[in-house]
Amino acid sequence: MNYDLTLLENAVKEFKITLSEEQKAQFIQYYELLIEWNKVMNLTGITEFDEVLQKHFSDSLSIVRALDMSKIESCIDVGTGAGFPGIPLKIAFPHLKVTLLDSLNKRLKFLNEVIEKLGLEGIETVHGRAEDGAKKPELREAFDLSVTRAVARISVISEYCLPYVKTGGYFAAYKSGKAAEELEEGKKAIAVLGGKVEKTEEFLLPDSDMERTILLIKKVKNTPKKYPRKAGTPAKEPIV
């Protein structure tokens, strides 16, 4: 089948990312696997090719608005779901060492097939909840970058994501719409967890009127050992 990659090509041009023919083919193959697996399990409600290009692929790559990815070596995608943003980042930036963390084993089976079929190297899947994974010595404060597209408030996702970031690294939260009020509410949590807001990048997704924000938080000191609290607690009792 012939796919029209115009929307993705326009986006990467705007983001100043260069994709080879092989990388473009990997994005197409990823889409096909996503649709195939989506018939038997709920991975995404977005299935039209152009919509996936915009709302999943371009959106995942939009982190370059806030951060120079050439300076990032290791990245963990917390609560990766169907692999966003971790797999698009790995395809576009093959040098990245990527860890995809998710609490659902069946999603990891899908992701492992994507990794195998696309021939991706330097990428692994880890099963577990965000709160539990950050207690593991091999994952805690081990990454240059932690990313998530989770819909939870920044006060909650900071507790999920900042413990994975080494001092000097970054946590990038992808948000739809503007996030100024949410950020204000989350400032205490960010500080308690060792972070400092570096940048709030607001923009429209290329070729659309969809508002997006990347909240970029720099890790300036170690996260206290008591965080993250046990599974379920951050969402029920956010640090405010």
Side-chain angles (χ1 to χ4, degrees), residues 1-12 15 17 19-63 75-94 96 98-130 132-133 146-152 157 160-161 173-177 205-212 231 235:
M1 185 170 172
N2 282 330
Y3 292 102
D4 182 354
L5 282 168
T6 303
L7 285 174
L8 183 62
E9 286 168 340
N10 288 350
V12 297
F15 297 154
I17 298 169
L19 294 180
S20 67
E21 290 308 311
E22 183 191 0
Q23 287 166 306
K24 290 175 192 175
Q26 286 174 322
F27 274 113
I28 290 170
Q29 197 171 8
Y30 183 16
Y31 169 76
E32 289 177 335
L33 287 165
L34 180 70
I35 299 310
E36 186 185 318
W37 278 69
N38 205 52
K39 289 171 187 166
V40 292
M41 58 187 281
N42 182 27
L43 289 167
T44 178
I46 297 164
T47 54
E48 291 295 322
F49 184 64
D50 279 356
E51 277 201 276
V52 171
L53 289 188
Q54 268 191 320
K55 295 177 182 175
H56 285 326
F57 296 170
S58 299
D59 187 59
S60 294
L61 299 178
S62 68
I63 191 172
C75 169
I76 183 166
D77 181 0
V78 179
T80 186
F84 307 116
I87 288 181
L89 290 175
K90 177 64 188 175
I91 294 171
F93 305 103
L96 279 182
V98 174
T99 298
L100 305 172
L101 177 78
D102 202 84
S103 60
L104 266 189
N105 254 322
K106 59 182 184 178
R107 280 203 286 255
L108 298 183
K109 280 185 183 169
F110 162 70
L111 296 171
N112 284 328
E113 175 153 325
V114 171
I115 290 165
E116 188 189 336
K117 291 275 173 74
L118 271 58
L120 301 175
E121 293 175 0
I123 179 168
E124 63 171 357
T125 59
V126 174
H127 178 247
R129 291 184 65 129
D132 299 331
S146 173
V147 291
T148 190
R149 292 206 313 166
V151 293
I157 55 173
Y160 293 155
C161 295
Y174 291 67
K175 290 285 173 186
S176 54
L205 276 184
D207 289 322
S208 83
D209 58 1
M210 289 178 271
E211 290 183 337
R212 291 290 186 270

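Side-chain atoms of E32 and Y3 include a donor-acceptor pair closer than 3.5 Å. Under the 3.5 Å distance criterion, with hydrogens and angles disregarded, no donor-acceptor pair is assigned to the side chains of E9 and T6. Between the side chains of H127 and S103, no donor-acceptor pair is found at a separation under 3.5 Å.
When atom types are taken as modelled, the side chain of E124 and the backbone of T99 share no donor-acceptor pair closer than 3.5 angstrom. Side chain of N38 to main chain of L43: a donor-acceptor pair is present (N/O by atom type, distance under 3.5 Å, no hydrogens or angles). With hydrogens and angles disregarded, no donor-acceptor distance shorter than 3.5 Å links the side chain of K106 to the backbone of M41. A donor-acceptor pair under 3.5 Å links the side-chain atoms of Q54 to the main chain of P206, judged by distance alone. T80 places no side-chain N or O within 3.5 Å of a backbone atom of D77 that could act as its donor or acceptor partner. Q26 places a side-chain N or O within 3.5 Å of a backbone atom of L118 that can act as its donor or acceptor partner. Between the side chain of K90 and the backbone N or O of E121, at least one donor-acceptor pair lies under 3.5 Å. Judged purely by atom type and a 3.5 angstrom limit, N112 uses its side chain to pair as donor or acceptor with the backbone of L108. S58 contributes no side-chain N or O that, together with a main-chain N or O of A11, makes up a donor-acceptor pair within less than 3.5 Å.
Across all non-hydrogen atoms, the minimal contact from L120 to I123 is CB-CG2, 3.7 Å. Heavy-atom minimum distance, L61 versus A92: CD2-CB, 3.6 Å. Between R212 and S176 the shortest heavy-atom distance is NH1-CB, 3.7 Å. When all heavy atoms of D4 and D50 are compared, the closest pair comes out as O-OD1, 4.0 Å. Nearest approach of A231 to D132, heavy atoms of both residues: CB-OD1, 4.4 Å. Across every non-hydrogen atom of K55 and R149, the tightest pair is O-NH1, 2.9 Å.
Taken to the nearest 0.5 Å, the CG atom of L100 stands 10.5 Å off from the CZ atom of F110. Summarising the geometry, atom CG belonging to L101 is positioned 12.0 Å from atom OH belonging to Y160; distances are rounded to the nearest 0.5 Å. Rounding to the nearest 0.5 Å gives a distance of 4.0 Å between CZ of F93 and CD1 of I17. Separating the CG atom in L34 from the NZ atom in K39 is a distance of 11.0 Å, to the nearest 0.5 Å. A distance of 13.0 Å separates CG of L111 from CD of E116, quoted to the nearest 0.5 Å. Between the CZ atom of R107 and the CG atom of D102 there is a distance of 4.0 Å, given to the nearest 0.5 Å.
Not less than 6.0 angstrom separates the ring centroid of Y174 from the ring centroid of F84. A ring-centre distance under 6.0 Å is found for Y30 and F57.
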Checklist line | Verdict with reasoning, W37 to K109, per side chain to side chain contact (heavy atoms under 4.5 Å, CB included) | finding: CA-CA 10 Å; W37 278 69; K109 280 185 183 169; 4.2 Å; yes
Next item on the list: Could you walk me through whether F27 and L19 pass side chain to side chain contact (heavy atoms under 4.5 Å, CB included), step by step?
Entry: CA-CA 10 Å; F27 274 113; L19 294 180; 3.9 Å; yes
Note to self: One pair to check against side chain to side chain contact (heavy atoms under 4.5 Å, CB included): K24 and I91. What are the steps and the verdict?
What the structure shows: CA-CA 9 Å; K24 290 175 192 175; I91 294 171; over 6 Å; no
Check: Where do V147 and I76 land on the side chain to side chain contact (heavy atoms under 4.5 Å, CB included) test, with the steps shown first?
Finding: CA-CA 6 Å; V147 291; I76 183 166; over 6 Å; no
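Side-chain contact check for L89 versus V98: every heavy-atom pair is 4.5 Å or farther apart. The shortest distance between side-chain heavy atoms of Q23 and P94 falls below 4.5 Å.
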